[in-house]
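Single-structure report; data block below.
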Amino acid sequence: MSTPHISATAAATTAAVSSVALGVDPEHERPPARHAYARLCALLSKASLVIAIFCLIGIILSVQIQVVGRYIFNDTPTWAEALALQLVLYVTAFGVAVGVRDAGHIGLDSIVSLLPESMRLKLEILIHLLVALFGGIMVQSGTLWTRLKWDELDPMLHLPVGIDYLSLVIAGVLIVMFSIEHIVALLRDEEVVPSWY
């Protein structure tokens with residue numbers, strides 16, 4: 001007879017605990033952002049994930065080619081390691097950008113959840129502004145180094161060394177765009193939907 005009462009109480013307690021743990025007000029769920037800029041950012045985020053996956057496949061293949069060349073044919077291809085290292089830069093760049101959009105970066109949710117709603121909104125906007133500033137610095141410094149190193153050729157790949165620093169520019173631009181998306185969503189009382197949904 002008391003089982004439904006216990007299960008209902010347990011469910012309510014679980015919901016309350018999970019909402020506190022996530023820093024979300026259970027009575028105020030934001031609708032997903034569906035405007036044109038949010039759709040553009042979602043498309044860029046999904047494309048970044050796909051490119052990062054292909055880069056990971058490229059890293060695996062490059063390392064396998066290097067191992068097979070060294071231990072089976074006794075002829076190590078010198079380009080394989082250089083290509084793998086360059087692909088690591090791009091996997092990192094796209095992964096960091098997607099992490100910013102999908103809120104996968106380090107955050108202090110437990111502290112933010114203790115603040116009143118008005119303070120919480122201001123603090124979240126400040127956090128995204130600081131992340132956007134960091135992305136802007138990445139764009140500026142990455143552009144500088146890309147220009148400086150573009151005429152210098154990599155001896156292994158015979159490609160401009162500036163391509164290494166171009167990954168900073170790409171990541172920085174995406175980080176700025178995704179941070180702006182979060183700020184717009186907060187001001188419109190909307191939620192940014194992660195790209196894997």
Side-chain angles (χ1 to χ4, degrees), residues 18-19 21-60 86-113 115-147 150 162-197:
S18 62
S19 65
L22 295 174
V24 177
D25 184 1
E27 297 175 1
H28 181 71
E29 286 190 21
R30 299 180 199 161
R34 300 271 186 226
H35 50 85
Y37 187 70
R39 290 196 303 270
L40 172 65
C41 288
L43 180 66
L44 288 173
S45 182
K46 286 178 184 176
S48 298
L49 282 175
V50 170
I51 293 169
I53 289 168
F54 278 109
C55 287
L56 277 173
I57 293 169
I59 292 168
I60 293 168
Q86 193 164 72
L87 290 175
V88 165
L89 294 174
Y90 282 87
V91 167
T92 305
F94 288 115
V96 165
V98 172
V100 166
R101 183 180 187 271
D102 296 346
H105 56 286
I106 296 172
L108 299 174
D109 291 338
S110 58
I111 294 175
V112 174
S113 65
L115 296 173
E117 184 65 31
S118 59
M119 286 294 295
R120 188 184 312 164
L121 177 67
K122 290 174 185 174
L123 187 59
E124 287 181 5
I125 289 173
L126 176 64
I127 289 168
H128 290 297
L129 281 172
L130 291 174
V131 172
L133 175 64
F134 178 74
I137 293 170
M138 286 176 65
V139 172
Q140 182 185 16
S141 59
T143 302
L144 174 67
W145 280 102
T146 301
R147 286 179 181 168
W150 196 261
I163 291 176
D164 294 351
Y165 300 97
L166 189 60
S167 62
L168 275 178
V169 178
I170 294 170
V173 168
L174 290 172
I175 286 170
V176 170
M177 289 183 70
F178 296 157
S179 297
I180 292 171
E181 180 191 12
H182 275 283
I183 292 169
V184 170
L186 286 168
L187 292 175
R188 291 167 58 106
D189 199 28
E190 295 174 338
E191 191 74 32
V192 173
V193 180
S195 52
W196 59 78
Y197 287 170

- prompt: For the side chain of His182 and the backbone of Arg101, is there at least one donor-acceptor N/O pair under 3.5 Å apart?
  reply: yes
The reported gap from CG in Leu144 to CG in Leu168 (rounded to nearest 0.5 angstrom) is 11.0 Å
Intermediate values then yes/no, side chain to side chain contact (heavy atoms under 4.5 Å, CB included), Met177 and Val173: CA-CA 6 Å; Met177 289 183 70; Val173 168; 4.2 Å; yes
Which of Val192, Val98, Val50 passes side chain to side chain contact (heavy atoms under 4.5 Å, CB included) with Ser45? Answer is Val98
Handout entry: Any donor-acceptor N/O pair, Thr146 side chain to Gly142 backbone, under 3.5 Å
Key = yes
Side chain to side chain contact (heavy atoms under 4.5 Å, CB included) filter on Ile180, not counting sequence neighbours, yields Tyr37, Val176, Val184
The reported gap from CG in Leu40 to NE2 in His35 (rounded to nearest 0.5 angstrom) is 10.5 Å
Between side-chain atoms of residues 89-97 and protein atoms elsewhere (two or more places apart, or another chain), which donor-acceptor pairs fall under 3.5 Å?
unit_1: Tyr90; atom_1: OH; unit_2: Ile163; atom_2: O; d: 2.5
unit_1: Thr92; atom_1: OG1; unit_2: Val88; atom_2: O; d: 2.8

So the salt bridge (Lys or Arg N to Asp or Glu O under 4.0 Å) pairs with at least one residue in residues 132-142 (sequence neighbours excluded) are none
For Ser48, the side chain to side chain donor-acceptor pair (under 3.5 Å) test, sequence neighbours excluded, returns none
task: Please test Glu190 against Arg34 for side chain to side chain contact (heavy atoms under 4.5 Å, CB included), starting from the C-alpha separation and ending with a verdict.
output: CA-CA 9 Å; Glu190 295 174 338; Arg34 300 271 186 226; over 6 Å; no
Distance col, row Ile175:CD1 vs Met138:CE, nearest 0.5 angstrom, shows 4.5 Å
When rounded to the nearest 0.5 Å, the distance separating CD1 of Ile170 from CD1 of Ile51 is 8.0 Å
The salt bridge (charged side-chain N to carboxylate O under 4.0 Å, His left out) partners of Arg147 (sequence neighbours excluded) come to none
Rounded to the nearest 0.5 Å, the NZ atom of Lys122 sits from the CD1 atom of Ile127 at a distance of 14.5 Å
Residue pairs meeting side-chain hydrogen bond (donor to acceptor under 3.5 Å, both in side chains), one or both in residues 162-178, sequence neighbours left out, come to Gln86-Asp164
In terms of heavy-atom contacts, Val139 and Val169 come closest through CG2-O, 3.8 Å
Would you please test Leu129 and Ser179 for side chain to side chain contact (heavy atoms under 4.5 Å, CB included) and show each step?
-> CA-CA 7 Å; Leu129 281 172; Ser179 297; over 6 Å; no
CD1 of Ile53 to CD1 of Ile57, rounded to nearest 0.5 Å, is 7.0 Å
